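Worksheet: the structure to be examined is printed underneath.
Index from 1, following the sequence. Remember, it's a predicted structure, so these values are computed and weren't measured experimentally. Values reported hereafter were calculated over all heavy atoms of this structure, with side chains retained and with hydrogens, waters and symmetry mates removed.
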Amino acid sequence: INYFTSNNIVKARDLYCGLIFENNTVEIFSQTNTGKSLFTLAFTTQICMENRDIRGVYYNTEMDDSQLQRLLGKGNKYSDNIEVVSKGIDTVKSLIENMILNIEKYRKHIVFVIDNLTYYYSTRSGDKIKEFIELIKLIRDNAKQQYGINITVIIVTHADKNNEGKPLTLAS
């Protein structure tokens with residue numbers, strides 16, 4: 001993935017297997033109980049262990065810390081540079097405020113994982129999601145301008161149950 005800045009082509013750093021690139025927003029979605037959290041926690045841990053210049057912040061809305069720990073399996077743990085936030089982030093406003101506080105606190109490249117955006121938006125309303133993505137873009141641009149850091153955002157959501165069994169489209 002390449003992007004343009006000031007007439008230069010910049011190659012985004014591949015953070016995970018050609019699927020996650022630095023300074024991008026990625027959505028991972030599927031039906032409930034299909035392993036989205038396990039997959040996301042595992043590759044976020046790998047990203048943060050392999051890239052010590054990246055801090056992970058994992059917003060967990062669905063499980064307590066011991067459940068997350070069990071997802072990784074016996075003897076495994078998060079990278080020591082991942083912060084798991086499981087309490088006190090009950091609204092989109094508090095989520096955005098906490099993201100900004102973490103940018104100011106760490107002042108290094110950050111991978112934010114929001115597991116599960118469906119907690120904040122009970123339906124996959126296009127307007128609400130679009131508004132949220134615009135907020136993420138503002139946060140990313142501001143972090144780049146103020147601190148010269150890249151913000152990668154991974155959003156986990158539940159797939160729309162009304163589209164079950166139908167082909168995947170951009171609208172779904």
Side-chain angles (χ1 to χ4, degrees), residues 1-6 9-30 36-37 39-48 51 53-63 68 78-79 81-160 168-172:
I1 291 181
N2 298 320
Y3 58 95
F4 296 92
T5 64
S6 308
I9 297 176
V10 178
K11 184 162 177 66
R13 178 167 48 159
D14 181 355
L15 298 179
Y16 184 77
C17 300
L19 298 172
I20 309 293
F21 291 87
E22 191 169 48
N23 214 37
N24 282 281
T25 300
V26 175
E27 181 181 13
I28 296 177
F29 62 96
S30 182
K36 296 178 299 295
S37 294
F39 177 62
T40 306
L41 186 58
F43 74 69
T44 302
T45 296
Q46 183 174 338
I47 289 169
C48 291
N51 301 280
D53 65 322
I54 296 177
R55 178 72 185 182
V57 180
Y58 194 100
Y59 295 101
N60 166 44
T61 63
E62 296 193 319
M63 292 174 264
L68 279 176
Y78 324 122
S79 168
N81 61 339
I82 294 179
E83 175 184 349
V84 177
V85 181
S86 297
K87 295 182 178 129
I89 311 296
D90 299 330
T91 64
V92 171
K93 181 181 179 194
S94 63
L95 174 66
I96 297 297
E97 287 172 351
N98 191 271
M99 291 172 79
I100 292 167
L101 285 172
N102 278 307
I103 290 167
E104 292 170 354
K105 175 177 157 184
Y106 294 116
R107 294 185 186 200
K108 65 189 293 187
H109 304 308
I110 298 177
V111 173
F112 287 113
V113 178
I114 303 163
D115 184 4
N116 190 306
L117 192 62
T118 311
Y119 173 83
Y120 300 104
Y121 298 115
S122 58
T123 62
R124 289 177 49 100
S125 162
D127 290 340
K128 287 184 179 181
I129 300 297
K130 187 176 178 182
E131 182 180 299
F132 183 78
I133 297 298
E134 289 303 316
L135 284 171
I136 295 300
K137 286 179 186 175
L138 286 172
I139 289 171
R140 179 182 295 121
D141 291 347
N142 202 21
K144 189 69 162 174
Q145 285 178 342
Q146 271 194 294
Y147 304 114
I149 60 175
N150 292 317
I151 303 299
T152 305
V153 180
I154 300 163
I155 301 170
V156 179
T157 62
H158 294 299
D160 188 347
L168 183 64
T169 67
L170 289 174
S172 58

Item to check | Full working for side chain to side chain contact (heavy atoms under 4.5 Å, CB included) between Val26 and Phe21 | outcome: CA-CA 9 Å; Val26 175; Phe21 291 87; over 6 Å; no

Next on the checklist: Using the rule given for side-chain hydrogen bond (donor to acceptor under 3.5 Å, both in side chains), can you reason through Asn116 versus Thr61, listing the C-alpha separation, both sets of side-chain angles and the distance that settles it, and then say yes or no?
Outcome noted: CA-CA 6 Å; Asn116 190 306; Thr61 63; 5.8 Å; no

Checklist entry - What distance do Tyr58 atom OH and Leu41 atom CG have between them, rounded to the nearest 0.5 Å? => result 5.0 Å

Checklist entry - Are Tyr120 and Asp90 side-chain neighbours, meaning at least one heavy-atom pair lies under 4.5 Å? => result no

Item to check | Residue of the set Ile54, Val113, Asn81, Thr152 for which side chain to side chain contact (heavy atoms under 4.5 Å, CB included) holds with Ile47 | outcome: Ile54

Item to check | Distance-minimising heavy-atom pair for His158 and Thr118 | outcome: N-OG1, 2.9 Å

Checklist entry - So Ser94 and Thr91, side-chain hydrogen bond (donor to acceptor under 3.5 Å, both in side chains) or not? Walk me through it. => result CA-CA 5 Å; Ser94 63; Thr91 64; 3.2 Å; yes

Item to check | Contact summary for Ser37 and Glu62, nearest pair of heavy atoms | outcome: OG-OE1, 4.1 Å

Next on the checklist: Quick one, Leu135 with Arg140, criterion side chain to side chain contact (heavy atoms under 4.5 Å, CB included). Give me CA distance, side-chain angles, the key distance, then yes/no.
Outcome noted: CA-CA 9 Å; Leu135 284 171; Arg140 179 182 295 121; over 6 Å; no

Next on the checklist: I need the minimum non-hydrogen distance between Asn150 and His109, along with the two atoms involved.
Outcome noted: N-ND1, 2.9 Å

Next on the checklist: If I take atom CG from residue Asn23 and atom CG from residue Asp141, how far apart are they, to the nearest 0.5 angstrom?
Outcome noted: 8.0 Å

Checklist entry - Measuring from Asp115:CG to Phe39:CZ, what's the distance to the nearest 0.5 Å? => result 12.5 Å

Item to check | side chain to side chain contact (heavy atoms under 4.5 Å, CB included) between Ile28 and Phe43, worked out | outcome: CA-CA 12 Å; Ile28 296 177; Phe43 74 69; 3.5 Å; yes

Next on the checklist: Between Ile103 and Tyr147, is the side chain to side chain contact (heavy atoms under 4.5 Å, CB included) condition met? List the steps.
Outcome noted: CA-CA 9 Å; Ile103 290 167; Tyr147 304 114; 3.8 Å; yes

Next on the checklist: Once side-chain hydrogen bond (donor to acceptor under 3.5 Å, both in side chains) is applied, do any residues pair with Tyr59, and if so which ones, sequence neighbours excluded?
Outcome noted: Asn98, Asn102

Checklist entry - Side chains of Ile114 and Val156: does their closest heavy-atom pair fall under 4.5 Å? => result no

Checklist entry - Would you say Arg55's side chain and Ile110's backbone share a donor-acceptor pair under 3.5 angstrom? => result no

Checklist outcome for this item: Of Ile82, Ile154, Ile20, the one forming a side chain to side chain contact (heavy atoms under 4.5 Å, CB included) with Val111 is Ile154

Checklist entry - If every non-hydrogen atom of Met99 is compared with every non-hydrogen atom of Val153, which pair is closest and at what distance? => result CE-CG2, 4.3 Å

Checklist entry - Under 3.5 Å, side chain of Asp14 to main-chain N/O of Tyr16, donor-acceptor pair present? => result yes

Checklist entry - Could you give the distance from NZ (Lys105) to CD1 (Ile100), rounded to the nearest 0.5 Å? => result 15.0 Å

Checklist entry - If you measure from CD1 on Ile136 to CD1 on Ile151, what distance do you get to the nearest 0.5 Å? => result 9.5 Å

Item to check | Nearest heavy-atom neighbours spanning Lys108 and Ile149 | outcome: O-CD1, 3.4 Å

Next on the checklist: Contact between Glu83 and Val85 at the side-chain level, heavy atoms closer than 4.5 Å - yes or no?
Outcome noted: yes

